[in-house]
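Accompanying notes for the structure given below.
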Amino acid sequence: MADIETTIGQVDPETGLKPMVINLGPQHPATHGVLRVRVALDGEQIRACEPIIGYLHTGIEKNCEDLTFNQAITLTDRMDYLSPITNNFGYVLGVEKLLGVEVPKRCQYIRVMFAELSRIASHLVWLGTAAMDMGAMSPFFYTMQQREQILDMIEMSAGTRMNPSYFRVGGLLNDLPPGFEEKLRAFLDGFPHWLQEYYALLDRNPIWIERLKGTAPITAEKALDYGWTGPLLRACGVPRDLRQTNPYSSYEEFDFDVITETDGDVYARYHVRMREMQESLKIVRQAIDNLPEGDWHVPGWKIYPPNKQEIGRNMEALIYHFKLFTEGIRVPAGEVYSAVEGPKGEIGYFIVSDGSGKPYRVRVRGPSFYNIAALPVLVQDKMLADVVAAIGSIDIVLGEVDR
Amino acid sequence: MKEILDALQESFGDRVTVSEPLGQTVVQLPAAEIVSVVTFLKSQGFNMLIDVTAVDRLGREPRFDVVYHLYHLDEKAWLRLKVQVGGDEPTVPSIAHVYASANWAERECYDMFGIRFRGHPDLRRILMPDDWKGNPLRKDYPLTGLDPLPPLVRE
């Protein structure tokens, strides 16, 4: 992998010409947000490449230090905005670990269900936009329809579509609303058909296959070296999926396969994500079929606030409610690392508490940050158009890269 | 996992201290040892560097904790390394030549905390603009920024 600054100055001895420098982005649809990629070109071949990030930096880690533990959940929504629920997931699990509590089974199952639904939603956006990058316009319209159904279900439960903050420390915002199960089952029954439609649109399309096979490959060693996680790493043949290797929230009770491919190119990543959607569907079905009855938040009022009716009747409930919403939950001092398998890879939270109602430090390990860092390896000495395919296949969300 | 930690303890003696708060393995070590410890751990199968970050413990000397998270694929376990640094120019040896993922992570740590990584191939700001003053995640950096915000409209 060549260094861009030295490459720019190198003169070709035959032609006497220097490489041409081109900026892709920061404002371009193919960069999936505000990413700038500086490339040094020899004709159409890439001699060196440097991704430049930071255009969407909003200081989320800094802002978390000024909010109570529950308020900070709203900021985690805004990082990977295509799958906010998995972001909430890692954070609340971390805080619960510091508190030393475990949420009831029903809550764990509902969390798994929503995490998998948002994984499907995220992969659908990826499929639509990645195909659009390659010039296939129609898949986008198909995938958006199905994603809309998932967003409707999230809206039913959380009240908002994009930034739900549905998971709370010690529980959920609400139990499943009436009518949710019917809507979910309708989605589960309908989605396999739509998945076949996506395959029909792309899988035997010669342009799609030609364009993706062998494009932007990486070896498993390199991928591990760059800290790649999630579908990208599994496309290199490494079966690392935190849902199975380090199960959390009762994932060990679900039956699903970890999807791997061996080629490590864009085509392998496409197949891993497509088959992962089927596995997620399996998990959601098991979760709704075996959904336990009972509480959906931890008992007592010290962590999860009392409900509104109780506050009207009970003085003690009112006091707890007031304390929780002014001072926040008292989290014992300590440090914890909590990670979940997000649609893009390992979403890790390193949370430090000093015993007050606000986190002392929240570090977010966004998978996209590490994934995009390997872009120069993927496109070294390839054609310029492969950069677009590579960025599309990495499935970056700049909100998470820059935080 | 236990064999690796025992081997680590054997090679580095009392320079490293292993503890297990909340069931997570933490290794505390001096800054000068970080490259040799990380190289040793990589040879023992910790093939992923998951994250590098820091915590500003303002009021304590040394002031910063630099925190590394490693992952072992076969043991399926994380390991946290903690290094304390302080002084006017906190400096830690870089491990970017051991793990490629350390490159950007250390740059972010430098950008946000002003911690220098000696031997890093390209230590520049990564998220903030190049001419930015101060290090935003330090505890003495105000939430509203050091300079007053520029006016939103021209006079």
Side-chain angles (χ1 to χ4, degrees), chain A residues 1 3 5 50-59 61-63 65-66 97-98 100 220-229 233 238-240 242 244-247 332 334-339 346 348-350 352 354 360-361 363-367 369-374 377 401-403, chain B residues 21-26 42 46-58 65 67-80 82 98-105 107-109 111-113 121-122 124-130 132 135-139 141-145:
Chain A
M1 193 178 73
D3 175 52
E5 298 301 337
E50 182 194 23
I52 298 170
I53 61 168
Y55 296 95
L56 213 57
H57 178 62
T58 46
E61 290 178 13
K62 180 84 176 170
N63 280 314
E65 294 171 8
D66 200 51
K97 198 161 208 173
L98 278 171
E221 290 75 47
K222 266 264 184 266
L224 287 169
D225 198 24
Y226 272 91
W228 270 24
T229 47
L233 186 61
V238 183
R240 180 180 187 266
L242 297 182
Q244 277 201 343
T245 54
N246 305 76
E335 299 177 343
V336 77
Y337 180 76
S338 127
E346 173 175 343
Y349 287 86
F350 179 60
V352 182
D354 59 353
Y360 188 75
R361 167 107 174 87
R363 159 70 182 172
V364 189
R365 186 246 186 235
F369 179 81
Y370 289 91
N371 295 347
I372 193 68
V377 180
V401 176
D402 296 341
R403 285 155 303 183
Chain B
L22 294 167
Q24 303 187 331
T25 317
V26 183
K42 193 176 185 186
F46 277 95
N47 32 17
M48 296 175 84
L49 175 77
I50 292 293
D51 197 23
V52 180
T53 186
V55 182
D56 181 4
R57 303 276 187 183
L58 186 63
D65 283 332
V67 184
Y68 302 80
H69 282 94
L70 307 180
Y71 189 84
H72 197 300
L73 270 183
D74 301 325
E75 298 280 341
K76 298 172 180 166
W78 286 277
L79 179 68
R80 187 183 311 149
K82 278 174 74 178
V98 189
Y99 294 103
S101 53
N103 189 325
W104 274 29
R107 271 178 73 186
E108 189 186 340
C109 203
D111 190 359
M112 291 294 151
F113 290 93
D122 183 24
R124 298 179 279 138
R125 286 187 184 272
I126 186 164
L127 294 179
M128 307 304 285
D130 289 337
W132 195 261
N135 304 98
L137 277 178
R138 286 194 175 192
K139 286 282 174 185
Y141 187 98
L143 195 63
T144 47

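Numbers restart at 1 for each chain; the letters A, B, ... are given by sequence-line order, proteins then strands.
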As an exercise, state the distance from [atom1] of [X] to [atom2] of [Y], rounded to the nearest 0.5 Å.
X: A:Arg361; Y: B:Thr53; atom1: CZ; atom2: OG1; value: 3.5 Å
X: A:Tyr370; Y: B:Trp104; atom1: OH; atom2: CH2; value: 11.0 Å
X: B:Met112; Y: A:Lys62; atom1: CE; atom2: NZ; value: 10.0 Å
X: A:Phe350; Y: B:Arg80; atom1: CZ; atom2: CZ; value: 4.5 Å
X: A:Thr58; Y: B:Leu127; atom1: OG1; atom2: CG; value: 10.0 Å
X: A:Thr229; Y: B:Ile50; atom1: OG1; atom2: CD1; value: 6.5 Å

[X] versus chain B, the contacting section by heavy-atom distance below 4.5 Å:
X: A:Ile52; answer: neither
X: A:Pro51; answer: both
X: A:Asn63; answer: both
X: A:Glu61; answer: both
X: A:Asp66; answer: side chain
X: A:Val336; answer: both

Non-hydrogen side-chain atoms of [X] and [Y] separated by less than 4.5 Å:
X: A:Arg365; Y: B:His69; answer: no
X: A:Val238; Y: B:Met48; answer: no
X: A:His57; Y: B:Ile126; answer: no
X: B:Leu73; Y: A:Leu224; answer: yes

Determine whether the aromatic ring centres of residues A:Tyr337 and B:Trp78 are separated by less than 6.0 angstrom.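 Centroid distance B:Trp78-A:Tyr337: below 6.0 Å, so yes.
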For chain B, find which of A:Lys97, A:Glu221, A:Lys222, A:Glu335 contributes the most heavy-atom pairs closer than 4.5 angstrom.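 If we count pairs closer than 4.5 Å to chain B, A:Glu335 comes out on top.
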So B:Tyr71 and A:Asn246, side chain to side chain donor-acceptor pair (under 3.5 Å) or not? Walk me through it. CA-CA 11 Å; B:Tyr71 189 84; A:Asn246 305 76; 2.7 Å; yes
Measure [X] against the heavy atoms of chain A and call it side chain, backbone, both or neither at under 4.5 Å.
X: B:Pro136; value: backbone
X: B:Ala102; value: neither
X: B:Asp56; value: backbone

Taking only Lys NZ, Arg NE, NH1 and NH2, and the carboxylate oxygens of Asp or Glu, determine whether A:Glu65 and B:Arg138 approach each other closer than 4.0 Å.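 Between B:Arg138 and A:Glu65 there is no salt bridge, as every charged N stays at least 4.0 Å from the carboxylate O atoms.
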Go through A:Asp3 and B:Asp122 one step at a time and tell me if the side chain to side chain contact (heavy atoms under 4.5 Å, CB included) criterion holds. CA-CA 10 Å; A:Asp3 175 52; B:Asp122 183 24; 5.8 Å; no
Any idea which heavy atoms bring B:Ser101 and A:Gly227 closest together, and the distance?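 The pair with the smallest heavy-atom distance is CB-N, 3.8 Å.
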Verdict with supporting geometry, B:Glu75 and A:Thr245, side chain to side chain contact (heavy atoms under 4.5 Å, CB included): CA-CA 9 Å; B:Glu75 298 280 341; A:Thr245 54; over 6 Å; no
In terms of heavy-atom pairs under 4.5 Å with chain A, which of B:Leu143, B:Val67, B:Asn47 leads?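 The candidate making the most pairs under 4.5 Å is B:Leu143.
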Mark yes or no for whether B:Lys139, through its side chain, and A:Tyr360, through its backbone, hold a donor-acceptor pair below 3.5 Å.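 Looks like yes, one N/O pair under 3.5 Å.
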